[in-house]
Structures are given as structure tokens and as C-alpha cells.
Amino acid sequence: MIRKLILCLFLLAGGMAASAQCGAVNDAIKPGETLSYELKFNWKFVWINAGWAKMTVNETTYNGRPCLKTDLQSYTNKKIDFFFKMRDTLTCITSQDLVPLYFRKGAEEGKRYTVDEVKFSYQNGKCIVDQQRTLRGNTDKHHDEMPVCVYDMLSILLQARSYDPTEYKPGQKILFSMATGRAVEKQTLIYRRKENYKAENGVTYRCLVFSLVEVEYVGEEKKEKEVITFYITDDRNHLPVRLDMYLNFGSAKAFLTDIKGNRHPLTSIVKER
């Protein structure tokens, strides 16, 4: 589930090469930012509280250089643990201009525990991706050299929030490449519309609505299956305030409940609580 939670936050088109071009001017995020979410699952037509998620951004040092460290934790509560236990911790390190350098995801989901690690380097105009997944003591490694930029679940989010989507048109598709720990996969987002949304904290935000879709083939017919619908604030912060996820076992939602350390004023607020 946490993978889909993160995938739904993206706004970036990928197609650039080399380290300098894989970076971006950080216009949305400052160290100290903390976003808190409440998770809900649909259980027999009833929405129940399922747990929480929290994302933080702080300064760090990596290979002797000042960088940004982003952490995302996602936990189910004790009631949900009886049916499906989730304890996910994701960490990414980027340069200050948001070039991805390192990613780790430790995921306890049900009775399964996996660790994904990705290391990024840049040489001769290529993005070099060394990644591995460890499951039950077995480690599967992959090495890729790509002529385009490759991101992980968190670094793509950081970059995407600094891009200006004001010129996007409904139906516009946004493509990017992402390392999952096992492979480099192409992802597709579709911009849908603008919409006002009243969050769990009682505040109404003007939002941009996007969909993450997966491509399926029925015979020779190509179909797009919606995986997530998500809402981000229509201001310079681009904060994800709501995520609707369509999972194999049902549906889930994530609601923003608290914001601390936002870089810009929340000009997307239509109505205070």
C-alpha cells in the first residue's frame, strides 16, 4: 500500500539526462517540514481508521556533502494489525538541488518483510542505478545505466513539488522513470481538473486533481486502470492533502491532518476551519 501512497504524490515529467539536469530548483520545501496523515480502509462498506503516516525533511551530510534527508513512516493501528500489519519506513537522500543519491525502504507488510535499496550515480551523461531487494535473507541485485533521469518514490515527490503545473490541461499525461528496488519502471500520471476539497482538519483547499494509471492489455486492446486519485494544494507548496487508493483488497484513503514548517503561505485555502 505504501508504494501506491507515494506514487500518487507525483507531478513530474521525466526525460532528462545527467546529474545536473536531474536536479531542480527547490522552490517548495525547507528542512523542518512535517506532514501528518490519517489512513482509512473501506471495510464492508464502512470507513474505519487504519493508522497514520508522517513525512519529514531535514538536513544531513552524505559522502561529505550537505544534503536533504526525507523520511516517511507508515503504520497501521492495532485493530488493523489483526487483519493486515504494516510497518513501512522509507528514507531518501538528495543533493540540495534534489538530485537523487540514495533510497531505502524497509517494509513489514503482513508476514512479509522486504528491504529495498537504491544507489544513484552519474557519469558520461547517464544515470547509473544500482538497486537490490532483500527478502527472507536472499538479495536480488540489478544494475542499470539509463540515458534518462531515474528517481525513487521520495525523490520524485520532492522534485515534483517544485514544478509549476499551471499550464497543465485536463487529460495531459506526465511520464517519468522510477527505481523500485527490483527494476526501473515507467509511470504515468494524468491531470484531471481543479477542485475545492474540505480536509479532515476542517480547512477547505483549492486543489489540483491527478490520477496515477496502470496500462492493461485485454487482447490487443489497451486500457488504462486508475490506481490512485490525489489532491494537491494549488499553491507553491503543492502539499498532498487527500489520496484515494484503489487496492487489490478494496480501497483506502489518506487524509492530511497536520502541517508544520511549510515554506510558503497556504494561499490555496478557500475557507478556514
Side-chain angles (χ1 to χ4, degrees), residues 1-12 26-42 47-58 68-77 80 86-92 153-165 189 191-212 226-247 251-273:
M1 174 189 167
I2 193 62
R3 178 185 173 188
K4 291 186 176 182
L5 174 65
I6 299 302
L7 284 175
C8 64
L9 306 178
F10 304 157
L11 292 173
L12 180 65
N26 178 12
D27 182 58
I29 305 153
K30 69 176 182 179
E33 181 187 83
T34 300
L35 305 177
S36 299
Y37 294 86
E38 180 181 41
L39 305 180
K40 292 187 178 182
F41 288 164
N42 187 276
W47 287 99
I48 59 175
N49 292 331
W52 57 269
K54 179 178 287 187
M55 185 162 62
T56 59
V57 181
N58 293 290
L68 294 177
K69 177 174 178 284
T70 302
D71 294 290
L72 174 71
Q73 295 176 303
S74 182
Y75 283 46
T76 49
N77 59 36
I80 297 299
M86 181 176 68
R87 301 286 187 274
D88 286 2
T89 302
L90 289 76
T91 297
C92 88
M153 297 179 188
L154 292 181
S155 63
I156 186 71
L157 167 60
L158 300 178
Q159 286 220 10
R161 287 178 54 193
S162 289
Y163 279 69
D164 182 3
L189 290 174
Y191 171 62
R192 298 299 189 187
R193 62 189 179 275
K194 287 188 179 183
E195 181 178 320
N196 290 348
Y197 162 67
K198 185 176 181 180
E200 293 293 287
N201 59 10
V203 177
T204 300
Y205 298 93
R206 183 180 66 256
C207 292
L208 305 169
V209 183
F210 288 79
S211 297
L212 176 75
E226 187 151 347
V227 178
I228 305 155
T229 302
F230 62 101
Y231 300 69
I232 67 163
T233 58
D234 186 17
D235 55 33
R236 291 175 66 185
N237 298 288
H238 294 156
L239 298 174
V241 296
R242 170 181 163 183
L243 306 105
D244 298 349
M245 295 160 278
Y246 311 103
L247 310 173
S251 55
K253 294 180 184 290
F255 300 101
L256 182 69
T257 57
D258 189 52
I259 305 168
K260 294 179 180 178
N262 47 293
R263 182 168 182 172
H264 301 290
L266 294 166
T267 57
S268 59
I269 292 178
V270 175
K271 185 178 180 181
E272 299 280 0
R273 68 183 75 186

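In this chain, residues are counted from 1 in sequence order.
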Closest heavy-atom pair, Asn262 versus Lys30, reported as atoms and distance to 0.1 Å, is O-CE, 3.8 Å

Output for pair (Asp235 CG, Arg206 CZ), nearest 0.5 Å, gives 7.5 Å

Shortest non-hydrogen pair, Gly32 vs Asn58, comes out as N-OD1, 4.1 Å

Margin query: For the residue pair Ser36 / Asp258, report whether a side-chain donor-acceptor contact shorter than 3.5 Å exists.
Written below: no

Only one of Leu90, Asp71, Thr34, Leu72 passes side-chain contact (heavy atoms from CB on, under 4.5 Å) with Met55, and that residue is Leu72

**Report entry** Residues Lys253, Glu200: salt bridge by 4.0 Å N-O rule
**Finding:** no

Output for pair (Leu239 CG, Arg263 CZ), nearest 0.5 Å, gives 13.0 Å

| message | Do Asp244 and Tyr231 make a side-chain contact, defined as non-hydrogen atoms from C-beta onward lying under 4.5 Å apart? | response | yes

Correct closest heavy-atom pair for Ser211 and Arg192 would be OG-NE, 2.9 Å

Could you walk me through whether Asn237 and Ile259 pass the side chain to side chain contact (heavy atoms under 4.5 Å, CB included) check?
CA-CA 11 Å; Asn237 298 288; Ile259 305 168; over 6 Å; no

Yes or no on side-chain hydrogen bond (donor to acceptor under 3.5 Å, both in side chains) for Arg87 and Ser74, after CA distance, side-chain angles and deciding distance? CA-CA 6 Å; Arg87 301 286 187 274; Ser74 182; over 6 Å; no

Distance col, row Arg193:CZ vs Leu208:CG, nearest 0.5 angstrom, shows 11.0 Å

To the nearest 0.5 Å, atom OG1 of Thr89 lies from atom OH of Tyr75 at 4.5 Å

dist Ile29:CD1 -> Arg236:CZ (nearest 0.5 Å) comes out at 12.5 Å

**Message:** Do Leu158 and Cys92 make a side-chain contact, defined as non-hydrogen atoms from C-beta onward lying under 4.5 Å apart?
**Reply:** yes

In Phe255, Phe230, Tyr205, Tyr37, the residue satisfying side-chain contact (heavy atoms from CB on, under 4.5 Å) with Val241 is Tyr205

CZ (Arg161) and CG (Asp27) are apart, to the nearest 0.5 Å, by 10.5 Å

Nearest heavy-atom approach of Phe210 to Ile232 is CE1-CD1, 4.3 Å

### Message
Closer than 4.0 angstrom, basic N to acidic O: yes or no for Glu195 and Arg242?
### Response
no

* Asked: Can you check side chain to side chain contact (heavy atoms under 4.5 Å, CB included) on Val209 and Thr229, steps first, answer last?
  -> CA-CA 7 Å; Val209 183; Thr229 302; 3.7 Å; yes

